[in-house]
Amino acid sequence: MISAVCWVPKGASKVVPVVAEPPSKEEIEEVLRTGVLERKGDIDEEEDECMDVDDAPEVLDEVSIARAATKALNQVQAGRESRDLQAVSVGIEELNMDAYDDEDDGIELFASGIGDTYYPSNDMDPYLQNKGDDEDDDDDEIEDMTIKPTDSVIVCARNEDEVSHLEVWIFEDSGDGDSNMYVHHDVILPAFPLCTAWLDCNLKGGDKGNFLAVGSLEPAIEIWDLDLIDEVQPFLVLGGVSNKKKKNKKKSVIYRKDSHKDSVLGLAWNKEVRNVLASASADKSVKIWDVVTGKCVATTAHHSDKVQSVAWNRFSPELLLSGSFDRSVVMVDGRSINEVSKKWPVMADVEGLAWDPHADHSFVVSQENGVVQGFDIRIGSSDGSSFKPVFTLHAHDKAVSSISYNPCRPNLLATGSTDKTVKLWDLSNSQPSCVASTKPKAGSIFSIAFSEDNPFLLAVGGHKGKLKIWDVTSEPGIARSFEKYINKGEGPATSA
(Lines give C-alpha, C1' and ligand atoms only; values in the text may rest on other atoms or scores of the structure.)
Protein backbone atom coordinates (compact mmCIF):
# COMPACT_ATOMS: atom_id res chain seq x y z
CA MET A 1 0.00 0.00 0.00
CA ILE A 2 0.99 3.64 -0.40
CA SER A 3 0.35 5.50 2.84
CA ALA A 4 1.73 8.93 1.86
CA VAL A 5 2.74 10.86 -1.28
CA CYS A 6 4.81 14.03 -1.45
CA TRP A 7 6.07 16.23 -4.32
CA VAL A 8 9.63 17.54 -4.34
CA PRO A 9 9.96 20.99 -5.98
CA LYS A 10 11.67 21.04 -9.36
CA GLY A 11 15.37 21.74 -9.13
CA ALA A 12 15.59 20.82 -5.43
CA SER A 13 17.21 17.44 -6.12
CA LYS A 14 20.85 17.00 -7.03
CA VAL A 15 21.33 16.50 -10.76
CA VAL A 16 23.29 13.32 -10.03
CA PRO A 17 22.57 11.97 -6.52
CA VAL A 18 25.50 10.60 -4.54
CA VAL A 19 25.90 6.91 -3.75
CA ALA A 20 26.14 6.56 0.03
CA GLU A 21 29.02 4.85 1.74
CA PRO A 22 28.18 1.41 3.21
CA PRO A 23 27.57 1.42 6.98
CA SER A 24 30.58 0.95 9.21
CA LYS A 25 30.92 -1.82 11.76
CA GLU A 26 30.22 0.72 14.50
CA GLU A 27 26.99 1.87 12.81
CA ILE A 28 25.78 -1.70 12.43
CA GLU A 29 26.52 -2.38 16.08
CA GLU A 30 24.59 0.78 17.03
CA VAL A 31 21.49 -0.44 15.14
CA LEU A 32 21.70 -3.77 16.94
CA ARG A 33 22.26 -2.07 20.29
CA THR A 34 19.17 0.13 20.01
CA GLY A 35 17.00 -2.96 19.55
CA VAL A 36 15.19 -1.85 16.37
CA LEU A 37 14.98 -5.41 15.05
CA GLU A 38 13.78 -6.70 18.41
CA ARG A 39 11.09 -4.02 18.60
CA LYS A 40 9.87 -4.98 15.15
CA GLY A 41 9.42 -8.54 16.38
CA ASP A 42 7.50 -7.30 19.40
CA ILE A 43 5.12 -5.33 17.17
CA ASP A 44 4.49 -8.40 14.99
CA GLU A 45 3.66 -10.49 18.07
CA GLU A 46 1.16 -7.92 19.32
CA GLU A 47 -0.80 -7.54 16.06
CA ASP A 48 -4.55 -7.99 16.24
CA GLU A 49 -6.57 -10.29 14.02
CA CYS A 50 -6.17 -9.41 10.34
CA MET A 51 -8.94 -7.92 8.24
CA ASP A 52 -9.10 -6.77 4.64
CA VAL A 53 -8.69 -3.00 4.30
CA ASP A 54 -11.72 -2.59 2.08
CA ASP A 55 -13.91 -4.62 4.44
CA ALA A 56 -12.74 -2.82 7.59
CA PRO A 57 -15.32 -0.83 9.56
CA GLU A 58 -15.39 2.87 8.90
CA VAL A 59 -14.36 3.60 12.46
CA LEU A 60 -10.84 2.33 11.77
CA ASP A 61 -8.26 5.11 12.02
CA GLU A 62 -5.18 5.30 9.82
CA VAL A 63 -3.02 3.39 12.29
CA SER A 64 -5.52 0.52 12.46
CA ILE A 65 -5.71 0.40 8.66
CA ALA A 66 -1.93 0.29 8.47
CA ARG A 67 -1.74 -2.56 10.98
CA ALA A 68 -4.44 -4.55 9.18
CA ALA A 69 -2.79 -4.03 5.80
CA THR A 70 0.59 -5.09 7.15
CA LYS A 71 -0.89 -8.27 8.58
CA ALA A 72 -2.63 -9.07 5.30
CA LEU A 73 0.55 -8.53 3.33
CA ASN A 74 2.45 -10.79 5.75
CA GLN A 75 -0.03 -13.61 5.18
CA VAL A 76 0.20 -13.23 1.41
CA GLN A 77 4.00 -13.33 1.60
CA ALA A 78 3.90 -16.41 3.83
CA GLY A 79 1.78 -18.19 1.22
CA ARG A 80 4.24 -17.24 -1.48
CA GLU A 81 7.17 -18.56 0.56
CA SER A 82 5.36 -21.87 1.10
CA ARG A 83 4.77 -22.25 -2.65
CA ASP A 84 8.39 -21.31 -3.36
CA LEU A 85 9.68 -23.99 -0.97
CA GLN A 86 7.47 -26.57 -2.61
CA ALA A 87 8.80 -25.61 -6.05
CA VAL A 88 12.38 -25.93 -4.82
CA SER A 89 11.63 -29.39 -3.43
CA VAL A 90 10.22 -30.55 -6.77
CA GLY A 91 13.24 -29.14 -8.58
CA ILE A 92 15.67 -31.06 -6.34
CA GLU A 93 13.81 -34.29 -7.05
CA GLU A 94 14.07 -33.68 -10.79
CA LEU A 95 17.85 -33.21 -10.49
CA ASN A 96 18.09 -36.81 -9.17
CA MET A 97 21.08 -35.96 -6.97
CA ASP A 98 21.19 -39.52 -5.54
CA ALA A 99 22.35 -40.78 -8.96
CA TYR A 100 24.87 -37.98 -9.43
CA ASP A 101 27.92 -40.26 -9.26
CA ASP A 102 26.41 -42.62 -11.88
CA GLU A 103 26.51 -40.03 -14.67
CA ASP A 104 28.54 -40.86 -17.81
CA ASP A 105 32.15 -39.85 -17.89
CA GLY A 106 33.55 -37.50 -20.48
CA ILE A 107 31.56 -34.40 -19.62
CA GLU A 108 33.59 -31.36 -20.68
CA LEU A 109 33.71 -28.46 -18.25
CA PHE A 110 33.76 -25.09 -19.94
CA ALA A 111 33.34 -25.07 -23.73
CA SER A 112 35.97 -26.71 -25.90
CA GLY A 113 37.13 -25.63 -29.33
CA ILE A 114 39.46 -22.78 -28.44
CA GLY A 115 42.00 -24.97 -26.71
CA ASP A 116 44.95 -23.11 -25.29
CA THR A 117 44.77 -20.33 -27.85
CA TYR A 118 45.56 -16.88 -26.52
CA TYR A 119 46.25 -13.45 -28.03
CA PRO A 120 48.97 -10.95 -27.16
CA SER A 121 46.41 -8.17 -26.80
CA ASN A 122 42.66 -7.75 -26.45
CA ASP A 123 42.51 -5.87 -29.74
CA MET A 124 43.67 -9.05 -31.56
CA ASP A 125 41.15 -11.30 -29.81
CA PRO A 126 38.16 -11.91 -32.17
CA TYR A 127 36.05 -13.02 -29.22
CA LEU A 128 36.22 -9.62 -27.57
CA GLN A 129 33.77 -7.56 -29.57
CA ASN A 130 32.24 -4.13 -28.87
CA LYS A 131 35.05 -3.25 -26.51
CA GLY A 132 33.71 0.26 -26.12
CA ASP A 133 30.38 -0.94 -24.77
CA ASP A 134 31.56 -0.62 -21.14
CA GLU A 135 32.10 3.10 -21.58
CA ASP A 136 28.73 3.45 -23.29
CA ASP A 137 27.09 1.54 -20.44
CA ASP A 138 28.69 3.91 -17.93
CA ASP A 139 27.37 6.90 -19.85
CA ASP A 140 23.89 5.35 -20.00
CA GLU A 141 23.98 4.65 -16.25
CA ILE A 142 24.90 8.26 -15.48
CA GLU A 143 22.12 9.47 -17.77
CA ASP A 144 19.61 7.18 -16.06
CA MET A 145 20.62 8.53 -12.64
CA THR A 146 20.45 12.17 -13.75
CA ILE A 147 17.55 14.23 -12.37
CA LYS A 148 17.01 17.17 -14.70
CA PRO A 149 15.77 20.49 -13.30
CA THR A 150 12.67 20.05 -15.47
CA ASP A 151 11.82 16.66 -13.95
CA SER A 152 9.04 16.37 -11.41
CA VAL A 153 9.95 14.24 -8.38
CA ILE A 154 7.40 12.38 -6.27
CA VAL A 155 8.17 10.44 -3.09
CA CYS A 156 5.89 7.58 -2.04
CA ALA A 157 5.89 5.94 1.39
CA ARG A 158 5.07 2.29 0.75
CA ASN A 159 4.77 -1.11 2.35
CA GLU A 160 5.00 -4.27 0.27
CA ASP A 161 5.67 -7.86 1.34
CA GLU A 162 6.66 -6.84 4.87
CA VAL A 163 9.13 -4.25 3.56
CA SER A 164 8.56 -0.54 4.16
CA HIS A 165 10.37 1.92 1.96
CA LEU A 166 10.39 5.30 0.25
CA GLU A 167 10.22 5.30 -3.54
CA VAL A 168 11.60 8.33 -5.38
CA TRP A 169 9.72 8.62 -8.69
CA ILE A 170 10.63 10.75 -11.71
CA PHE A 171 7.83 12.19 -13.84
CA GLU A 172 9.13 13.39 -17.20
CA ASP A 173 6.90 15.65 -19.27
CA SER A 174 8.18 16.01 -22.83
CA GLY A 175 5.75 18.81 -23.63
CA ASP A 176 4.40 17.07 -26.76
CA GLY A 177 1.69 15.06 -25.04
CA ASP A 178 3.93 12.17 -23.94
CA SER A 179 5.05 11.55 -20.38
CA ASN A 180 7.28 8.99 -18.69
CA MET A 181 7.30 7.92 -15.06
CA TYR A 182 9.72 5.56 -13.29
CA VAL A 183 11.34 4.82 -9.92
CA HIS A 184 14.72 6.53 -9.65
CA HIS A 185 15.79 4.97 -6.34
CA ASP A 186 14.32 3.83 -3.04
CA VAL A 187 15.11 3.88 0.67
CA ILE A 188 14.40 0.97 3.04
CA LEU A 189 12.56 2.02 6.21
CA PRO A 190 12.64 0.16 9.54
CA ALA A 191 8.95 0.71 10.37
CA PHE A 192 5.58 1.13 8.65
CA PRO A 193 5.38 4.76 7.36
CA LEU A 194 2.25 6.78 8.09
CA CYS A 195 3.11 10.33 7.04
CA THR A 196 5.81 12.41 5.36
CA ALA A 197 6.88 16.04 5.06
CA TRP A 198 9.46 17.43 2.62
CA LEU A 199 11.81 20.14 3.88
CA ASP A 200 14.62 22.12 2.28
CA CYS A 201 16.40 23.24 5.45
CA ASN A 202 19.97 22.16 4.74
CA LEU A 203 21.02 20.12 7.74
CA LYS A 204 24.51 19.81 6.29
CA GLY A 205 25.08 23.58 6.18
CA GLY A 206 24.70 25.98 3.28
CA ASP A 207 21.48 27.28 1.83
CA LYS A 208 19.05 24.52 0.92
CA GLY A 209 18.82 20.76 1.08
CA ASN A 210 16.53 17.95 -0.03
CA PHE A 211 15.22 16.02 2.98
CA LEU A 212 12.12 14.03 3.85
CA ALA A 213 10.75 13.59 7.37
CA VAL A 214 8.93 10.30 7.96
CA GLY A 215 6.52 9.44 10.76
CA SER A 216 5.72 5.77 11.39
CA LEU A 217 4.26 3.28 13.83
CA GLU A 218 7.40 3.90 15.88
CA PRO A 219 7.68 7.01 18.13
CA ALA A 220 10.76 8.25 16.26
CA ILE A 221 10.74 10.73 13.37
CA GLU A 222 13.35 9.89 10.75
CA ILE A 223 14.77 12.50 8.37
CA TRP A 224 16.29 11.09 5.19
CA ASP A 225 18.59 12.79 2.68
CA LEU A 226 16.91 12.25 -0.71
CA ASP A 227 20.14 13.14 -2.53
CA LEU A 228 21.80 9.94 -1.28
CA ILE A 229 21.34 6.58 -2.99
CA ASP A 230 21.69 3.23 -1.18
CA GLU A 231 21.59 5.00 2.19
CA VAL A 232 20.74 2.68 5.08
CA GLN A 233 20.62 5.17 7.95
CA PRO A 234 18.50 8.33 8.30
CA PHE A 235 20.44 11.57 8.42
CA LEU A 236 18.69 12.54 11.66
CA VAL A 237 16.33 10.88 14.14
CA LEU A 238 14.04 12.98 16.33
CA GLY A 239 13.01 11.21 19.52
CA GLY A 240 12.48 7.46 19.56
CA VAL A 241 13.57 4.61 21.77
CA SER A 242 17.06 4.81 23.23
CA ASN A 243 17.20 1.43 24.95
CA LYS A 244 15.12 -1.55 25.96
CA LYS A 245 15.60 -3.66 29.08
CA LYS A 246 13.89 -6.62 30.70
CA LYS A 247 12.80 -6.30 34.28
CA ASN A 248 11.22 -9.28 36.00
CA LYS A 249 10.56 -10.85 32.59
CA LYS A 250 8.73 -7.71 31.51
CA LYS A 251 10.11 -5.43 28.86
CA SER A 252 10.51 -1.75 29.64
CA VAL A 253 11.10 0.94 27.05
CA ILE A 254 13.35 3.93 27.60
CA TYR A 255 12.58 6.87 25.33
CA ARG A 256 14.93 9.60 24.27
CA LYS A 257 14.44 12.97 25.89
CA ASP A 258 11.19 14.72 24.80
CA SER A 259 10.31 11.87 22.43
CA HIS A 260 6.80 10.91 21.41
CA LYS A 261 5.60 7.81 23.24
CA ASP A 262 3.48 6.39 20.42
CA SER A 263 3.08 6.39 16.63
CA VAL A 264 3.65 9.62 14.70
CA LEU A 265 0.47 10.25 12.66
CA GLY A 266 1.10 13.70 11.14
CA LEU A 267 3.97 16.00 10.16
CA ALA A 268 4.11 19.60 8.95
CA TRP A 269 7.15 21.62 7.89
CA ASN A 270 7.12 25.40 8.39
CA LYS A 271 8.06 26.88 4.99
CA GLU A 272 8.80 30.29 6.46
CA VAL A 273 10.70 29.26 9.59
CA ARG A 274 12.55 26.53 7.74
CA ASN A 275 14.20 24.77 10.69
CA VAL A 276 10.83 24.06 12.35
CA LEU A 277 8.88 20.80 12.06
CA ALA A 278 5.62 19.96 13.86
CA SER A 279 4.51 16.41 14.67
CA ALA A 280 1.21 14.88 15.78
CA SER A 281 1.08 11.60 17.66
CA ALA A 282 -1.18 8.88 18.96
CA ASP A 283 0.18 9.79 22.41
CA LYS A 284 -2.25 12.80 22.29
CA SER A 285 0.52 15.38 21.99
CA VAL A 286 1.87 17.82 19.42
CA LYS A 287 5.59 18.59 19.38
CA ILE A 288 7.61 21.29 17.67
CA TRP A 289 11.17 20.39 16.64
CA ASP A 290 14.23 22.36 15.64
CA VAL A 291 15.66 20.10 12.92
CA VAL A 292 19.02 21.92 12.96
CA THR A 293 19.70 21.11 16.60
CA GLY A 294 17.62 17.92 16.53
CA LYS A 295 15.78 18.95 19.70
CA CYS A 296 12.15 19.32 20.73
CA VAL A 297 11.50 22.97 21.59
CA ALA A 298 7.85 22.69 22.70
CA THR A 299 5.17 20.11 23.52
CA THR A 300 1.45 20.74 23.71
CA ALA A 301 -1.26 18.59 25.29
CA HIS A 302 -4.43 20.34 24.16
CA HIS A 303 -6.21 17.16 23.00
CA SER A 304 -7.73 14.23 24.87
CA ASP A 305 -7.25 11.63 22.13
CA LYS A 306 -4.89 10.76 19.26
CA VAL A 307 -3.72 13.76 17.24
CA GLN A 308 -3.99 12.92 13.55
CA SER A 309 -2.92 16.04 11.66
CA VAL A 310 -1.00 19.32 11.97
CA ALA A 311 -0.70 22.28 9.57
CA TRP A 312 1.20 25.60 9.58
CA ASN A 313 -0.30 28.81 8.18
CA ARG A 314 1.94 30.06 5.36
CA PHE A 315 0.76 33.68 5.76
CA SER A 316 1.13 33.73 9.55
CA PRO A 317 3.84 31.09 10.16
CA GLU A 318 3.41 31.27 13.93
CA LEU A 319 -0.11 29.75 13.69
CA LEU A 320 -0.41 25.97 13.99
CA LEU A 321 -3.54 23.84 13.64
CA SER A 322 -3.93 20.37 15.11
CA GLY A 323 -6.81 17.95 14.58
CA SER A 324 -7.66 15.02 16.82
CA PHE A 325 -9.81 11.96 17.33
CA ASP A 326 -11.38 13.90 20.18
CA ARG A 327 -13.36 15.62 17.40
CA SER A 328 -11.77 19.01 17.73
CA VAL A 329 -9.37 21.33 15.91
CA VAL A 330 -7.08 23.51 18.02
CA MET A 331 -5.12 26.57 16.91
CA VAL A 332 -2.09 27.76 18.86
CA ASP A 333 0.34 30.65 18.42
CA GLY A 334 3.94 29.50 18.43
CA ARG A 335 4.88 32.50 20.56
CA SER A 336 2.61 31.23 23.37
CA ILE A 337 2.40 27.56 22.57
CA ASN A 338 0.82 26.45 25.84
CA GLU A 339 -2.28 28.60 25.33
CA VAL A 340 -5.17 27.62 23.07
CA SER A 341 -5.91 30.51 20.70
CA LYS A 342 -9.09 28.92 19.36
CA LYS A 343 -10.81 25.56 19.37
CA TRP A 344 -13.46 24.25 17.00
CA PRO A 345 -15.57 21.13 17.63
CA VAL A 346 -16.23 19.04 14.52
CA MET A 347 -18.63 16.24 13.65
CA ALA A 348 -16.27 13.23 13.74
CA ASP A 349 -12.65 12.11 14.15
CA VAL A 350 -10.29 14.39 12.25
CA GLU A 351 -8.50 12.81 9.28
CA GLY A 352 -6.80 15.81 7.64
CA LEU A 353 -6.24 19.57 7.85
CA ALA A 354 -5.31 22.13 5.21
CA TRP A 355 -4.92 25.91 5.28
CA ASP A 356 -6.23 27.75 2.23
CA PRO A 357 -3.09 28.85 0.31
CA HIS A 358 -5.00 31.81 -1.14
CA ALA A 359 -6.48 33.20 2.09
CA ASP A 360 -4.78 33.68 5.45
CA HIS A 361 -7.91 33.11 7.55
CA SER A 362 -9.47 29.93 6.11
CA PHE A 363 -8.90 26.22 6.57
CA VAL A 364 -10.70 22.95 5.90
CA VAL A 365 -10.88 19.77 7.98
CA SER A 366 -11.72 16.31 6.62
CA GLN A 367 -13.36 13.75 8.86
CA GLU A 368 -13.90 10.05 9.36
CA ASN A 369 -17.63 10.26 8.54
CA GLY A 370 -17.01 11.55 4.97
CA VAL A 371 -17.65 15.20 5.84
CA VAL A 372 -15.43 18.18 5.01
CA GLN A 373 -15.98 21.41 6.92
CA GLY A 374 -14.58 24.86 6.24
CA PHE A 375 -13.80 27.40 8.97
CA ASP A 376 -12.82 31.05 9.22
CA ILE A 377 -10.46 31.75 12.13
CA ARG A 378 -11.99 35.21 12.48
CA ILE A 379 -15.23 33.53 13.63
CA GLY A 380 -15.52 31.84 17.03
CA SER A 381 -14.18 32.19 20.55
CA SER A 382 -11.18 30.54 22.17
CA ASP A 383 -13.33 27.85 23.81
CA GLY A 384 -15.34 27.10 20.66
CA SER A 385 -18.63 28.18 22.23
CA SER A 386 -19.52 30.45 19.31
CA PHE A 387 -17.92 28.53 16.45
CA LYS A 388 -19.63 28.42 13.07
CA PRO A 389 -18.37 26.54 10.01
CA VAL A 390 -18.60 28.49 6.78
CA PHE A 391 -19.69 25.30 5.03
CA THR A 392 -20.33 21.62 5.73
CA LEU A 393 -19.86 19.28 2.79
CA HIS A 394 -20.88 15.61 2.71
CA ALA A 395 -18.09 14.77 0.30
CA HIS A 396 -17.77 10.96 0.45
CA ASP A 397 -19.50 7.82 1.68
CA LYS A 398 -16.51 6.86 3.83
CA ALA A 399 -13.64 8.61 5.61
CA VAL A 400 -12.03 11.55 3.79
CA SER A 401 -8.47 10.41 4.44
CA SER A 402 -6.67 13.20 2.55
CA ILE A 403 -7.28 16.70 1.21
CA SER A 404 -5.22 19.05 -0.94
CA TYR A 405 -5.77 22.65 -2.05
CA ASN A 406 -4.72 23.59 -5.57
CA PRO A 407 -1.76 26.00 -5.27
CA CYS A 408 -2.71 27.88 -8.45
CA ARG A 409 -6.50 28.06 -8.67
CA PRO A 410 -8.29 29.61 -5.65
CA ASN A 411 -11.19 27.59 -4.24
CA LEU A 412 -10.17 24.33 -5.95
CA LEU A 413 -9.97 21.48 -3.40
CA ALA A 414 -9.24 17.78 -3.96
CA THR A 415 -10.51 15.11 -1.56
CA GLY A 416 -9.52 11.44 -1.38
CA SER A 417 -11.46 8.78 0.48
CA THR A 418 -11.43 5.17 1.59
CA ASP A 419 -14.49 4.82 -0.66
CA LYS A 420 -11.85 4.59 -3.46
CA THR A 421 -12.79 7.89 -5.11
CA VAL A 422 -11.05 11.21 -5.61
CA LYS A 423 -13.17 14.33 -6.12
CA LEU A 424 -12.52 17.95 -7.08
CA TRP A 425 -14.59 20.73 -5.52
CA ASP A 426 -15.16 24.38 -6.35
CA LEU A 427 -15.52 26.14 -2.98
CA SER A 428 -16.39 29.55 -4.43
CA ASN A 429 -18.66 31.65 -2.21
CA SER A 430 -18.51 28.91 0.45
CA GLN A 431 -20.96 26.88 -1.60
CA PRO A 432 -19.06 23.72 -2.60
CA SER A 433 -19.88 22.03 -5.89
CA CYS A 434 -18.30 18.88 -7.30
CA VAL A 435 -16.63 19.60 -10.66
CA ALA A 436 -14.97 16.22 -11.24
CA SER A 437 -14.78 12.73 -9.74
CA THR A 438 -12.75 9.63 -10.54
CA LYS A 439 -11.95 6.14 -9.29
CA PRO A 440 -8.22 5.86 -10.03
CA LYS A 441 -8.07 2.09 -9.34
CA ALA A 442 -5.77 2.68 -6.38
CA GLY A 443 -8.06 1.00 -3.85
CA SER A 444 -8.86 2.86 -0.66
CA ILE A 445 -7.24 6.29 -1.02
CA PHE A 446 -4.83 7.25 1.76
CA SER A 447 -2.95 10.25 0.35
CA ILE A 448 -3.33 12.87 -2.40
CA ALA A 449 -1.28 15.96 -3.22
CA PHE A 450 -1.27 18.68 -5.89
CA SER A 451 2.08 19.61 -7.41
CA GLU A 452 3.38 23.13 -6.78
CA ASP A 453 5.22 23.17 -10.13
CA ASN A 454 2.48 21.53 -12.22
CA PRO A 455 -0.56 22.58 -10.20
CA PHE A 456 -3.06 20.62 -12.26
CA LEU A 457 -1.28 17.31 -11.62
CA LEU A 458 -2.60 15.39 -8.61
CA ALA A 459 -0.63 12.45 -7.12
CA VAL A 460 -2.76 9.68 -5.61
CA GLY A 461 -1.73 6.74 -3.42
CA GLY A 462 -3.83 3.97 -1.91
CA HIS A 463 -3.92 0.44 -0.54
CA LYS A 464 -3.25 -1.21 -3.93
CA GLY A 465 0.24 0.29 -3.87
CA LYS A 466 0.12 1.89 -7.32
CA LEU A 467 1.09 5.54 -7.72
CA LYS A 468 -1.43 7.39 -9.88
CA ILE A 469 -1.07 10.82 -11.48
CA TRP A 470 -4.28 12.57 -12.46
CA ASP A 471 -4.10 15.42 -14.95
CA VAL A 472 -7.25 17.24 -13.89
CA THR A 473 -7.26 19.45 -17.01
CA SER A 474 -8.59 16.42 -18.88
CA GLU A 475 -11.87 16.81 -16.97
CA PRO A 476 -14.51 18.91 -18.79
CA GLY A 477 -15.65 20.51 -15.53
CA ILE A 478 -12.13 21.75 -14.78
CA ALA A 479 -11.60 22.97 -18.34
CA ARG A 480 -14.79 25.03 -18.17
CA SER A 481 -14.42 26.41 -14.65
CA PHE A 482 -10.69 27.15 -14.62
CA GLU A 483 -9.92 27.81 -18.28
CA LYS A 484 -8.10 31.10 -17.68
CA TYR A 485 -5.69 29.49 -15.22
CA ILE A 486 -4.89 26.63 -17.62
CA ASN A 487 -4.44 28.99 -20.59
CA LYS A 488 -2.00 31.10 -18.56
CA GLY A 489 0.35 28.14 -18.69
CA GLU A 490 -0.05 27.36 -15.03
CA GLY A 491 -1.22 23.84 -15.70
CA PRO A 492 0.20 20.88 -17.64
CA ALA A 493 -0.63 20.13 -21.23
CA THR A 494 -0.26 16.37 -20.84
CA SER A 495 -2.07 13.52 -19.15
CA ALA A 496 -0.72 10.52 -17.29
Side-chain angles (χ1 to χ4, degrees), residues 1-8 51-56 58 60-73 76 152-161 163-171 179-183 186 189 192-196 214 309 351-352 354 366 368 370 372 395-406 412-425 434-451 454 456-475 478 492 494-496:
M1 62 180 287
I2 295 177
S3 53
V5 295
C6 180
W7 293 84
V8 175
M51 64 175 65
D52 185 82
V53 173
D54 285 341
D55 297 334
E58 291 186 13
L60 283 178
D61 56 36
E62 186 173 355
V63 176
S64 299
I65 292 173
R67 291 180 182 274
T70 303
K71 190 76 171 183
L73 287 171
V76 171
S152 296
V153 179
I154 313 160
V155 185
C156 297
R158 294 185 46 143
N159 181 279
E160 182 178 6
D161 294 340
V163 178
S164 296
H165 56 285
L166 300 175
E167 285 184 343
V168 180
W169 287 74
I170 303 296
F171 180 85
S179 59
N180 182 37
M181 192 166 68
Y182 60 92
V183 177
D186 63 1
L189 299 174
F192 195 108
L194 297 175
C195 55
T196 59
V214 181
S309 183
E351 292 287 338
S366 66
E368 182 271 333
V372 175
H396 292 270
D397 296 329
K398 292 185 178 181
V400 185
S401 53
S402 185
I403 49 180
S404 180
Y405 268 107
N406 189 282
L412 178 58
L413 180 74
T415 59
S417 170
T418 54
D419 68 6
K420 305 180 183 180
T421 65
V422 179
K423 297 182 181 182
L424 302 177
W425 304 88
C434 185
V435 293
S437 178
T438 186
K439 282 194 172 184
K441 298 181 180 180
S444 298
I445 307 300
F446 295 141
S447 183
I448 60 174
F450 274 116
S451 167
N454 296 312
F456 288 96
L457 289 182
L458 184 72
V460 180
H463 99 266
K464 287 190 175 181
K466 296 180 180 179
L467 174 64
K468 301 290 185 178
I469 304 296
W470 184 17
D471 176 6
V472 302
T473 61
S474 62
E475 300 298 323
I478 296 295
T494 65
S495 61

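One is the number of the first residue; the rest follow in order along the sequence. The basis for the numbers below is simple: all heavy atoms, side chains too, and nothing from hydrogens, waters or symmetry mates.
Among all heavy-atom pairs drawn from T196 and A4, the shortest one is OG1-CB, 3.8 Å. Between F450 and S404, the shortest heavy-atom distance links the atoms N-OG, 3.1 Å. Taking every heavy atom of both residues into account, G416 and I448 meet most closely at N-CD1, 3.5 Å. Among all heavy-atom pairs drawn from S3 and S447, the shortest one is O-CB, 3.8 Å.
For the residue pair T415 and W425, a side-chain donor N or O sits within less than 3.5 Å of a side-chain acceptor on the partner. One side chain, H396 or D419, offers a donor N or O that lies under 3.5 Å from an acceptor on the other. Defined by atom type and a distance below 3.5 Å, a donor-acceptor pair is missing between the side-chain atoms of S417 and D397.
At least one donor-acceptor pair closer than 3.5 Å links the side chain of R158 to the backbone N or O of G465. Under a 3.5 Å cut-off, the side chain of K423 and the backbone N or O of A395 do form a donor-acceptor pair. Checked by atom type and distance alone, the side chain of S401 pairs as donor or acceptor with a backbone atom of I445 at under 3.5 Å. The backbone N or O of K420 lies less than 3.5 Å from no partner atom in the side chain of S444, so there is not a single donor-acceptor pair.
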**Request:** Evaluate the criterion side chain to side chain contact (heavy atoms under 4.5 Å, CB included) for residue pair I469 and L458; output intermediate values, then yes/no.
**Result:** CA-CA 6 Å; I469 304 296; L458 184 72; over 6 Å; no
**Request:** Before giving the answer on side chain to side chain contact (heavy atoms under 4.5 Å, CB included), spell out for V5 and F446 the whole-Å C-alpha distance, their side-chain angles and the decisive distance to 0.1 Å.
**Result:** CA-CA 9 Å; V5 295; F446 295 141; over 6 Å; no
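S164 is linked by a side chain to side chain donor-acceptor pair (under 3.5 Å) to N159, counting only residues two or more places apart in sequence or in another chain.
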